[in-house]
Every structure is written in C-alpha cells, then in structure tokens.
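Chain letters run A, B, ... following the sequence lines, proteins first, then strands; residues in each count from 1. Atoms considered below: every heavy atom in the structure, side chains included; atoms not considered: hydrogens, waters and symmetry mates.
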Protein chains: 2
Amino acid sequence: MKYSNATNYALHTMVYLIWLPKASTVGVQELAEFQKLSPTYLSKILTKLTKAGLIESTPGAKGGYKISKSPKEISFLDVIIAIEGESNLFNCSIHHNEGCLIEKVMRESEDNMKEELSNRLLIDIVEKMELQKQAKESN
Amino acid sequence: MKYSNATNYALHTMVYLIWLPKASTVGVQELAEFQKLSPTYLSKILTKLTKAGLIESTPGAKGGYKISKSPKEISFLDVIIAIEGESNLFNCSIHHNEGCLIEKVMRESEDNMKEELSNRLLIDIVEKMELQKQAKESN
DNA sequence: ATATTAAAGACTTTTGTTATCTCTAATAAG
DNA sequence: CTTATTAGAGATAACAAAAGTCTTTAATAT
Ligand code: SF4
Ligand code: SF4
C-alpha cells in the first residue's frame, strides 16, 4: 500500500522547478544533485513528466528543463498520474459482480482521495513556502 | 500505487465469514476453494487476520475459522491494516523539514481516505447483500 | 562543426509479493 | 490415550515490479 519512490522524486522536482525564476532552465545534473540521485535515473522520471506535459525540455547547449507554461493548473494528482499511470489502488481480481459492494467501497474511498489531490495545486504550496521564507528573512 | 493482492483476498474472506451463520466454523480448504487459491498461501493471510483479532481459529478436528465476537466493529481499514501493516502510502525519504508542505498534503489526503475506510463496516455491506439476495428470491 | 544536453533502449540489481513444501502444535472425538 | 484433523511456523523457491546503470542516439545553441 504505497506509491513508488519515483512519485516522491517527481513531486520534489516539480516543486523545485516551480520555485525557480520563471523561464530559467535547469539541467538534470542539478536536479539529481539536490535529491542525491543518479542523473540517468532521474532522467527517466523527467521524461515521464515531460510526456505528461507538466514540464518542457530542450536538448542541446543551454538546454534543460523548465516548468510548463501553465503551472497554475498542476495538481498533486497530475504528478502522481504522470508517474504511476492511471492504475487504481484497488483492483479486484475477477470483477465478476456488476454492482459489487466490496469494490464500491474501495473505489469510493480512493476516488475521494484522488478528488482531493486534484484540488491541491503545487503552486499553492510553493507560494506558502515563499511566504515562510520571507517571514524568516525579515527576522 | 496499489494494495497487495493479499488485502483483496482478506476482504473476500472476511465477507464470506461474516455472511456465514454465526458460530459455524469453516476450514482453510473451503475458503481457498471459493477464491481459487492454494490453501497454504491463504493460510498465511488467515493467520494475519487471526493475530489482528478479526477472526478466531481453532485447530484440530472440527476446527477452522470463524468471525470474532464483535463483527459489528470490523471496518475495511481494520482488514487493510491487518494485512498491510501501518505503512503509509506516502513516505518521504529524508523527512528533513518539520512542517513540510509536500508531506502535509500527501498525508492529509491519505488520512482522509483512512478515516473513510474506518467508517465503512463489513457488516453493513453484508447486510445489504442479504437484502439484495432476499429481493431476488422473492421474484 | 562542436560541445552540450535530453531521450531511448538494453540491461542488472534489488526488493517485495506470491506461492509451495515440510514440519510442528493444538484439539476434538473415539 | 491415541488418532485423525486442522491451524501455525519456517524455509525457500518463483515471479514481478521497482530502482538503478550504461551506452547509444537525437536535437540544438554557439
Ligand atoms: S466480489 Fe466484488 S471485489 Fe471481489 S472479485 Fe467480485 S466484483 Fe471484484
Ligand atoms: S521536502 Fe518534505 S516530503 Fe520531501 S523529504 Fe523533506 S520533509 Fe519529506
């Protein structure tokens, strides 16, 4: 009963990228460094995020990654689905009963969690983090 | 991002046991049969349920498993925890930040799901299933 | 052209789940 | 008390998924 680690790395990367000054790009080596990950491994995660349209990548000199144009709309759920796919937490083996009540309860609880995660935007927590930082600095 | 299959088997077994006439016991072979599982494998799952106090086992002739005395209080979450342990869906790797906002969002959504699952009792869906069965028979 | 950077694919290692087999312990019934 | 019966425990094998590495290819700014 858990997400894969890749989701964890993806969330940290996304927050890092949103935090960055807009339009500035950053390479995989820097992103890997701050999370103490191998660049090649993180690269696969970044590619998934790119394919999902959450970030943009440009190859070549001075290339790298940056957040996609519309960071305001990126939710926690978006990141999770980009990495984990659409797979469900609960998968009934045979699915032999149309209105099955076991499945119903499990799915409903899961859907509610997904609903909540789709309403939580990354930009919101980054803004809160910036406020915290400012408050700290003005001490 | 998913529960293990064992949780699935455990839920089906529990529903089966609650459905059974009270005080009647049933052996692992019957429980394994209806789910098309090997008895030895299901046995481990049953042992976990026993240790969690959700069911009772008696060895020896005419032994087997039956639901514990208080089936009215068994929630979906109880079964999940009996199998999966207390592990969380989201585990931050380093936990380096006390009031971390990433962790907060992930934990809150998870806790809400757990809360919901702790309010859904197995007995409720079994009762509904019995009503459905009766309605079908009176056709 | 060249240096730089992401993407893709093959591959290995590690970890966790699923499953089987064997042996032991408990208990009801004769 | 003995025996048949059933759960429990442990070792271990088989399998699958995740985590991680290495190498090659493609794109691009200078
Ligand atoms: S009983 Fe429900 S949850 Fe179980 S296999 Fe059938 S449809 Fe799926
Ligand atoms: S940033 Fe938050 S979620 Fe990430 S490792 Fe630190 S405390 Fe955990």
Side-chain angles (χ1 to χ4, degrees), chain A residues 1-13 17 23-33 35-68 80 82-85 87-91 93, chain B residues 1-10 12-13 17 23-33 35-68 80 82-85 87-91 93-94:
Chain A
M1 187 193 175
K2 52 196 265 256
Y3 303 106
S4 79
N5 275 349
T7 294
N8 197 319
Y9 300 142
L11 284 170
H12 285 75
T13 305
L17 287 175
S24 71
T25 68
V26 51
V28 65
Q29 62 283 354
E30 177 177 338
L31 293 168
E33 210 163 285
Q35 294 182 83
K36 303 207 165 47
L37 276 179
S38 89
T40 38
Y41 178 47
L42 183 59
S43 171
K44 318 222 133 167
I45 294 168
L46 291 168
T47 301
K48 280 189 179 179
L49 293 174
T50 305
K51 288 194 169 161
L54 305 185
I55 60 179
E56 291 173 11
S57 70
T58 48
K62 291 282 175 188
Y65 297 94
K66 63 165 182 274
I67 205 74
S68 86
I80 294 167
I83 303 300
E84 306 279 337
S87 78
N88 288 314
L89 226 42
F90 180 80
N91 289 296
S93 23
Chain B
M1 187 191 176
K2 52 196 266 251
Y3 301 106
S4 80
N5 276 349
T7 295
N8 196 320
Y9 300 141
H12 286 75
T13 306
L17 287 176
S24 71
T25 68
V26 51
V28 67
Q29 61 284 353
E30 177 178 339
L31 293 169
E33 210 162 285
Q35 295 182 82
K36 302 206 166 47
L37 275 181
S38 87
T40 39
Y41 177 48
L42 184 59
S43 170
K44 318 226 129 168
I45 293 168
L46 292 167
T47 301
K48 280 188 179 179
L49 293 173
T50 305
K51 288 193 170 163
L54 304 185
I55 60 178
E56 291 172 11
S57 69
T58 47
K62 292 282 174 187
Y65 295 93
K66 64 164 182 277
I67 205 74
S68 86
I80 293 167
I83 303 300
E84 306 277 339
S87 78
N88 289 312
L89 227 41
F90 180 81
N91 287 298
S93 22
I94 12 182

N or O in side chain of A:Y41 less than 4.0 angstrom from D:dA19 OP1/OP2: yes
- request: Could you please name the option among D:dA19, D:dG8, C:dA29 that lies closest to any side-chain atom of B:K62?
  value: C:dA29
- prompt: Within the side chain of B:N8, is there an N or O that forms a donor-acceptor pair under 3.5 Å with the backbone of A:N91?
  reply: yes
- prompt: Any side-chain N or O of A:S43 less than 4.0 Å from the OP1 or OP2 oxygen of C:dA7?
  reply: no
message: Measure CG/B:L17 against C1'/D:dA7 and give the value in whole Å, please.
response: 14 Å
query: In whole Å, what is the span from the CD1 atom of B:I83 to the P atom of C:dG16?
result: 18 Å
query: Could you walk me through whether B:L42 and B:T13 pass the side chain to side chain contact (heavy atoms under 4.5 Å, CB included) check?
result: CA-CA 9 Å; B:L42 184 59; B:T13 306; 4.0 Å; yes
task: Select one nucleotide: of D:dA7, C:dA19, D:dA29, the one nearest the side-chain heavy atoms of B:L37.
output: C:dA19
message: Looking only at the side chain of B:S57 (C-beta and beyond, no hydrogens), which of the listed nucleotides D:dA7, C:dA7, D:dA19 gets closest?
response: D:dA7
Main-chain N/O of A:A82 paired to A:K48 side chain as donor or acceptor, under 3.5 Å: no
field: Nucleotide D:dG8, atom P - distance to CG of B:L31 in whole Å
entry: 12 Å
- request: Take B:M1 and A:T7 through the side chain to side chain contact (heavy atoms under 4.5 Å, CB included) test and state the conclusion after the steps.
  value: CA-CA 9 Å; B:M1 187 191 176; A:T7 294; over 6 Å; no
B:Y3 OH to C:dT18 P, straight-line distance once rounded to whole Å: 15 Å
- prompt: In whole angstrom, what separates A:K48's NZ from D:dA19's C1'?
  reply: 11 Å
- request: Show your reasoning for whether side chain to side chain contact (heavy atoms under 4.5 Å, CB included) applies to A:L89 and B:L89.
  value: CA-CA 10 Å; A:L89 226 42; B:L89 227 41; 4.1 Å; yes
message: Closest-nucleotide mapping onto DNA chain D: is A:G63 or A:N5 further toward the 5' terminus? I mean the 5' end.
response: A:N5
- prompt: Going by modelled atom types, is there a donor-acceptor pair between the base of D:dT21 and the side chain of A:K44 at under 3.5 Å?
  reply: yes
task: Quick one: label A:T40 by what it contacts on the DNA or RNA (base, sugar-phosphate, nothing), any heavy atom closer than 4.0 Å.
output: base
query: Between atom CD in A:Q29 and atom P in C:dA3, what is the gap in whole Å?
result: 17 Å
query: From D:dA7, D:dA19, D:dG8, pick the nucleotide closest to the side chain of A:S4?
result: D:dA19
task: Verify the contact: side-chain N or O of A:S38 to OP1 or OP2 of D:dT21, cut-off strictly under 4.0 Å; return yes or no.
output: yes
- prompt: Between A:P39 and A:V28, which heavy-atom pair has the shortest distance, and what is it?
  reply: O-CG2, 3.6 Å
- request: Figure out the CD1/C1' separation between A:I45 and D:dT21, and round it to whole Å.
  value: 14 Å
- request: Map A:G60 and A:K51 onto DNA chain C by nearest heavy atom, then report which one ends up closer to the 5' terminus.
  value: A:G60
- line: Of the candidates C:dA28, C:dA6, C:dT18, the side chain of B:A61 sits closest to C:dA28
task: Answer with base, sugar-phosphate or nothing: what part of the nucleic acid does A:Y9 contact at a heavy-atom distance below 4.0 Å?
output: sugar-phosphate
message: What is the separation between atom CD on A:E30 and atom P on C:dT4, rounded to the nearest whole Å?
response: 17 Å
